[in-house]
Amino acid sequence: MSLPAAPPVLDFSPFYGKDSDAKTKLIEEVRKCCHYNGFFQITGHRVPLDLQRRVMDCSKRFFDLPLEEKLKVDKNLTTFNRGYELLRSQMLEVGTGPELKEGLYIGEEIAEDHPYYLEKKLNSGPNQWPPTVPNKEEFQETTMEYYHATFDLAKDVLGVLAQTLGVESTFFDPLTDEAVATMRYLHYPAQPQDTDEKLNRGIGAHTDFGCITLLLQDEVDGLQVLDAPSGQWLDVKPVPGAYVVNLGNLFMRMANDKYKSNTHRVINKSGKERYSIPFFFSGNPDYICECLPNCREEGEAAKYGPITVQDMVTASYKESYGRAEAFKKDLEVKKADVIPVVAAVGA
Ligand SMILES: O=C(O)CCC(=O)C(=O)O
Ligand SMILES: [Fe+2]
């Protein structure tokens with residue numbers, strides 16, 4: 001048995017080239033990762049490094065704002081998950097405290113007369129733009145430029161995933177057409193070095209809900225994936241310019257559990273602030289997720305029935321936020337604050 005291995009860094013550029021051997025090799029490597037734990041990193045993609053730098057700068061500019069400015073775009077002002085989320089709002093891992101991260105949720109600009117808004121589709125509505133962020137116009141433009149570039153990359157990654165299943169790279173077009181994706185600017189404050197690892201999470205152990213996630217990390221580490229066979233947590237080291245790609249629960253379900261949506265978490269023990277930008281690609285909300293081609297042996301039944309992207313992702317959201325709310329109510333009752341933070345927001 002090979003030793004537990006951190007997700008490999010793959011050169012994605014053969015997808016755009018004419019070298020069919022290199023393309024076949026890329027497809028094989030991606031397939032191996034999908035079977036193993038659904039995680040890999042990619043370089044050689046088409047999102048410019050300069051755009052990645054500019055978007056990280058936007059994220060920092062936003063989180064540097066005073067708390068009362070960030071609260072002007074509070075996510076709770078919308079019913080469609082756009083805007084600012086305070087520290088400790090989410091709790092994905094049972095038995096740990098609410099998470100030490102703050103975020104800004106952004107998506108495609110959906111006007112209030114758009115059918116997705118009117119029909120209350122997943123995370124669909126106008127973005128809430130922070131009114132006092134420095135260089136506000138550039139902030140909006142760069143954010144959306146980055147959103148669209150990452151959306152295109154997600155489509156390309158799904159093209160390769162289709163090929164790993166032995167079907168055309170266009171197979172997922174009905175899923176990617178008019179797809180919903182949500183991006184989050186995330187900021188993990190520095191935690192104390194002697195932080196209680198059992199309780200404190202930047203983000204608790206979880207699997208992602210949607211189809212695929214493309215994650216941009218800054219240079220501060222903290223992301224870990226669980227190696228299920230050994231129970232070890234493996235660091236996903238930041239590689240400049242690279243994306244961490246991982247499959248979500250929706251994809252695993254469509255692959256009849258043959259491909260993995262793997263458990264991961266963030267513990268920011270670096271003593272530094274950490275910034276990351278995950279891009280969650282859910283898909284067209286009306287797309288019906290069914291068992292994909294070549295994901296079962298002859299005569300083997302599909303493990304799951306059909307479900308829409310909308311229903312699958314909505315159910316996952318409700319579950320995790322419900323847990324955080326219940327925990328906080330419990331804390332209020334006990335009047336105890338057991339979760340230390342070094343750099344609390346606004347402090
Ligand atoms: O910030 C990271 O590195 C990971 C974030 C993550 O796993 C998530 O938001 O689902
Ligand atoms: Fe995640």
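Ligands are counted one by one from 1 in listed order, and the atoms in each one are counted from 1 as well.
- At a cut-off of 3.5 Å, with distance as the only test, a side-chain donor of Gln217 or Arg274 sits close to an acceptor on the other residue.
- Less than 4.0 angstrom separates some heavy atom of Tyr188 from each of these atoms of ligand 1: 1 (O), 2 (C), 4 (C), 5 (C).
- Every atom of ligand 1 is numbered from 1 in the order shown, and the set under 4.0 Å from a heavy atom of Pro278 is 9 (O).
- Taking a cut-off of under 4.0 Å to the non-hydrogen atoms of His264, the atoms of ligand 1 that pass are 7 (O).
- The ligand atoms of ligand 1 that sit less than 4.0 angstrom from a heavy atom of Asp208 are 10 (O).
- For the Fe ion (ligand 2), protein N, O or S atoms closer than 2.8 Å were enumerated as His206 NE2, Asp208 OD1, His264 NE2, with waters left out.
- Residue-level proximity to ligand 1 for Val244 is absent, since no heavy atom of it falls below 4.0 angstrom.
- Of the possible donor and acceptor atoms, one in the side chain of His206 sits under 3.5 Å from a partner among the backbone N and O of His264.
- Which parts of ligand 1 touch Val266 is read off a 4.0 Å heavy-atom cut-off, strictly below it: atoms 1 (O), 2 (C), 3 (O), 4 (C).
- In summary, the aromatic rings of Phe80 and Tyr117 are positioned with their centroids under 6.0 Å apart.
- Aromatic ring centroids of Phe172 and Tyr287 lie 6.0 Å or more apart.
- Two residues are said to be in side-chain contact when any heavy atoms from C-beta on lie closer than 4.5 Å; Leu165 and Cys295 meet this criterion.
- Side-chain atoms of Tyr105 and Arg184 include a donor-acceptor pair closer than 3.5 Å.
- Regarding atom 9 (O) of ligand 1, its nearest protein heavy-atom neighbour is Arg184 NH2, 3.2 Å.
- Between Glu138 and Arg61, at least one side-chain nitrogen of the basic residue sits less than 4.0 Å from a carboxylate oxygen of the acidic one, meeting the salt-bridge criterion.
- Close approach of ligand 1 to Arg274 is summarised as follows: ligand atoms under 4.0 Å from at least one heavy atom of the residue are 1 (O), 2 (C), 3 (O).
- The six-membered or imidazole ring of Tyr185 lies away from that of Tyr275, with a centre-to-centre distance of 6.0 Å or more.
- Taking the six-membered ring for Trp and thresholds of 30 and 60 degrees, Tyr259 and Phe251 have nearly parallel ring planes, at less than 30 degrees apart.
- Close contacts between ligand 1 and Ile203 involve ligand atoms 6 (C), 8 (C), 9 (O), 10 (O) [criterion: under 4.0 Å to a heavy atom].
- Look at His206 and you'll find a heavy atom under 4.0 Å from some atom of ligand 1.
- For Glu108 and Tyr147, the side-chain atoms include no donor-acceptor pair closer than 3.5 Å.
- Using a 4.0 Å cut-off between charged side-chain N and carboxylate O, Lys72 and Glu69 make a salt bridge.
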